[in-house]
Amino acid sequence: MTLRLLAALDRRLTVVGVVDFAPRSVAKLALAGATFRPGRAAWRARFHTSLMSHRMLSRTLKRGVRARKRDYDIALQVHGWVTGQPRPYALYVDQTRLMAERGWPRWMPLTRAERSSVLRLERHMYGAAAHVLVMGTPARDSLTVDYGVDPRRITVVGGGLMFNALPGACPLTSEPTIMFVGRDFERKGGDCLLHAFALVRAELPAATLHLVGVRRQFEQPGVTSHGMIRSRERMTELYRRTRAFCMPSRYEPYGFVFAEAMAHGVPCIGTTVQSIPEILDHGRAGMLVAPGDVRALADSLLALLVDHELASALGAAGRSHVVRCLTWDHVAARAAPALEAAASASS
């Protein structure tokens, strides 16, 4: 994602260099050991949220900054939670920690003292930024309401596609095939989808559900788990065999995978949480249901599986929305003026 964003910005501005402050090799192993918790999700949350993580990332960033000469007008930090940024700097974020705490509390497994320190450091990071680029309006609203950031220092820019070229258009399959992509099965509503799929199968026995990114195997009739798929060619083939894409998330800072499915012309069903309505053009480029509403989800799935005119129209609308709004060049077009203005104001 970061490299695609920077490449798009470089076509409008000039990117003079990159400082990667992610932990590597021994440092990454040390951090993983120090933050270990039983259960992959809890471990991942501590790895990314702990004060130790903040200190390690900040040290790595400061070393990288010291190694560079002052040859820039403004620095852009893509995600991450650090101090010691080169000044002036802008941020590109999908969520705030208070957004995550409300939407998916297990991402903030902190003691009261840790939470206070984390939020203090986060407020400082936002407060010292010359500008904050956000993927969606929920993050903008959290920054203004929860952190007191002046809305004039925030620009909603969206997100782009996770592949280099738009896939070729192909006819929508008539097979009643549903696809889900996501590793965090419960947060992304996978359990709700399984319940809805059972209702779908009761009315449409030929329907199948393909789960990508899910390690578990399910004995439920019609359900196939593919595990992790890293091959772009194999994913494209699955999309071409998919009648409806569905990810009924309970919390989703920014659902890149919807844009991926839409780019392949596959009609999508998402939930009314965070930035999903924006990605699906508020229901014009996909169907929206309330999170956890199994019956509404099943009805939406059935509608796409049996109504070819509806499915084709939504598939075409989704692809058109991607072409018009959801590429990294579109993100860069929205971000570049804000970065130039912030750099000018800080000079």
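- In this view, H54 and W81 satisfy the ring pair (Phe, Tyr, Trp, His ring centres under 6.0 Å) rule, not counting sequence neighbours.
- Contact detail for R68 and G17: the closest heavy-atom pair is NH1-CA, 3.9 Å.
- Defined by atom type and a distance below 3.5 Å, a donor-acceptor pair is present between the side-chain atoms of E122 and Y147.
- Neither side chain, E252 nor Q274, offers a donor N or O lying under 3.5 Å from an acceptor on the other.
- Of all non-hydrogen atoms in A139 and T96, the two that sit nearest each other are O-CG2, 4.4 Å.
- Under the 4.0 Å criterion applied to side-chain N and carboxylate O atoms, R240 and E175 are not assigned as salt-bridge partners.
- Looking at T83 and H124, their side chains never bring a donor and an acceptor atom within 3.5 Å of each other.
- Dense packing is recorded around CG of D293, with more than 12 heavy atoms of other residues, nucleotides or ligands lying under 6.0 Å away.
- Both tests hold for R70 against Y72: distance to the six-membered ring centre under 6.0 Å, angle to the ring axis within 45°.
- Between D146 and R123, no side-chain nitrogen of the basic residue sits less than 4.0 Å from a carboxylate oxygen of the acidic one, so the salt-bridge criterion is not met.
- Using a 4.0 Å cut-off between charged side-chain N and carboxylate O, D184 and R106 make no salt bridge.
- Looking only at atom types and distance, the side chain of R324 has a donor-acceptor partner in the side chain of S320 under 3.5 Å away.
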